[in-house]
Amino acid sequence: MRIAVSSDMDEPVARLVVDELRHRGHTVLAYGALRPGDRKDWAWSAEAAAREVAAGRTEQAVVCCWTGTGAAMAANKVAGVRAALCGDAYTARGARKWNDANTLALSLRLTSGALLTEILDAWFDAVPSGDADDRANVEHVARIEGHAESRAGAGAGAGAGAEGVVR
């Protein structure tokens, strides 16, 4: 599998992600601090990795920053990307199974080598659920994403008043 990996810092755990993925037989495309000449900031590096997923050049991405939060936020702004910040194996498994996540966000601060192995094992062992409710939720997220630009003309959503406040 082709996987884009980004990090805003050249930290040991970021290098371990790349090494571990290659050890598992994946082709890794590196971004940010992991690739000389790239912009290292979390928003830019996570966006670059996420765009690879959205364009179909990679099947998945792993985006990293100090907390993982900023990288997840930036990746999720790219249409078609479903990034999940995972700090444990259970969350990683659930993100793949129930949310069909295609981008794993990791904290450089909190992820140890042992924890990384557990998270990656869970991530790659899980498969997206075929359950109708789970699929409907994933499809709904895609519809929300597709209509984000047209919200102003269509109102803020069911149950919302003109100000976008739910009553």
Side-chain angles (χ1 to χ4, degrees), residues 1-129 134-135 138-139 141-142 144-146 148-149:
M1 178 183 312
R2 291 173 56 87
I3 302 174
V5 177
S6 72
S7 181
D8 64 339
M9 297 187 295
D10 190 2
E11 291 286 313
V13 72
R15 289 283 171 190
L16 188 56
V17 169
V18 171
D19 293 344
E20 181 63 25
L21 291 173
R22 286 184 176 145
H23 177 75
R24 292 171 184 240
H26 302 292
T27 300
V28 175
L29 287 82
Y31 294 93
L34 301 173
R35 186 165 105 175
D38 263 14
R39 185 159 181 168
K40 297 174 184 172
D41 305 87
W42 57 264
W44 281 266
S45 62
E47 176 193 10
R51 289 205 181 280
E52 293 295 328
V53 173
R57 291 184 293 267
T58 64
E59 289 84 359
Q60 296 183 6
V62 180
V63 295
C64 307
C65 70
W66 193 243
T67 65
T69 306
M73 291 170 65
N76 275 320
K77 295 296 181 182
V78 177
V81 172
R82 293 175 304 282
L85 175 56
C86 299
D88 58 71
Y90 182 83
T91 303
R93 183 175 291 106
R96 288 285 300 134
K97 181 178 180 180
W98 299 307
N99 311 124
D100 194 7
N102 55 19
T103 299
L104 171 63
L106 295 171
S107 166
L108 294 172
R109 178 179 179 271
L110 298 176
T111 308
S112 67
L115 181 57
L116 174 64
T117 299
E118 292 173 12
I119 290 170
L120 291 177
D121 286 346
W123 181 267
F124 290 115
D125 287 347
V127 295
S129 170
D134 294 334
R135 297 308 318 152
V138 172
E139 291 165 9
V141 169
I144 292 169
E145 180 178 80
E149 300 300 321

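Computed from a predicted model, the values in this text were never measured in an experiment.
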For Tyr31 and Glu47, does a side-chain donor sit closer than 3.5 Å to a side-chain acceptor?
->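 Their side chains do not contain a donor-acceptor pair, so the 3.5 Å distance test is not met.
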May I ask you to check whether Trp66 and Glu11 show a side-chain donor-acceptor distance below 3.5 Å?
->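 On atom types as modelled, these side chains do not qualify, holding no pair under 3.5 Å.
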Apply the test salt bridge (charged side-chain N to carboxylate O under 4.0 Å, His left out) to residues Arg2 and Glu59: give CA-CA distance (whole Å), side-chain angles for both, the deciding distance (0.1 Å), then the verdict.
-> CA-CA 6 Å; Arg2 291 173 56 87; Glu59 289 84 359; 5.6 Å; no
Taking all non-hydrogen atoms of both residues, which atom of [X] and which atom of [Y] are closest, and how far apart?
| X | Y | result |
| --- | --- | --- |
| Thr91 | Leu85 | CG2-O, 3.9 Å |
| Ala72 | Ala83 | O-CB, 4.0 Å |
| Ser45 | Arg39 | CB-O, 4.0 Å |
| Ala71 | Cys65 | N-SG, 3.4 Å |
| Leu16 | Gly113 | CD2-CA, 3.5 Å |
| Arg93 | Ala122 | NH2-CB, 3.6 Å |

Starting at [atom1] of [X], measure out to [atom2] of [Y] and round the result to the nearest 0.5 Å.
| X | Y | atom1 | atom2 | answer |
| --- | --- | --- | --- | --- |
| Leu104 | Phe124 | CG | CZ | 8.0 Å |
| Leu21 | Leu29 | CG | CG | 11.5 Å |
| Ser6 | Leu106 | OG | CG | 10.0 Å |
| Glu20 | His26 | CD | NE2 | 9.0 Å |
| Ile3 | Leu120 | CD1 | CG | 8.0 Å |

List the steps, then state whether side chain to side chain contact (heavy atoms under 4.5 Å, CB included) holds for Val63 with Thr103.
-> CA-CA 7 Å; Val63 295; Thr103 299; 4.0 Å; yes
Evaluate whether atom CE of Met73 has more than 12 neighbouring non-hydrogen atoms of other residues, nucleotides or ligands under 6.0 angstrom away.
->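 No, because the 6.0 Å sphere around CE of Met73 holds 12 heavy atoms or fewer from other groups.
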More than 12 heavy atoms of other groups within 6.0 Å of Arg109 CZ =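 Counting neighbours around CZ of Arg109, 12 or fewer heavy atoms of other residues, nucleotides or ligands fall under 6.0 Å, so no.
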Does the distance from a Lys or Arg side-chain N to an Asp or Glu carboxylate O, for Lys97 and Asp125, drop under 4.0 Å?
->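 Asp125 and Lys97: not salt-bridged.
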Side-chain donor/acceptor of Asp41 to backbone N/O of Gly32, under 3.5 Å =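 Checked: no pair found.
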Has the side chain of Arg96 got a donor or acceptor atom that lies under 3.5 Å from a matching backbone atom of Ala101?
->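 Looks like yes, one N/O pair under 3.5 Å.
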Test side chain to side chain contact (heavy atoms under 4.5 Å, CB included) applied to Arg22 and Val18, step by step | CA-CA 6 Å; Arg22 286 184 176 145; Val18 171; 3.3 Å; yes
With side chain to side chain contact (heavy atoms under 4.5 Å, CB included) as the test, would you mind laying out the steps for Arg15 and Asp10 before giving the verdict?
-> CA-CA 7 Å; Arg15 289 283 171 190; Asp10 190 2; 2.8 Å; yes
Show the numbers, then the answer: is there a salt bridge (charged side-chain N to carboxylate O under 4.0 Å, His left out) between Arg82 and Asp100?
-> CA-CA 7 Å; Arg82 293 175 304 282; Asp100 194 7; 3.4 Å; yes
Derivation and outcome, side chain to side chain contact (heavy atoms under 4.5 Å, CB included), residues Trp42 and Met9 = CA-CA 8 Å; Trp42 57 264; Met9 297 187 295; over 6 Å; no
For a side-chain contact (heavy atoms from CB on, under 4.5 Å) with Leu108, tell me which candidate from Val17, Val13, Thr67 qualifies.
->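 Result for side-chain contact (heavy atoms from CB on, under 4.5 Å) with Leu108: Val13.
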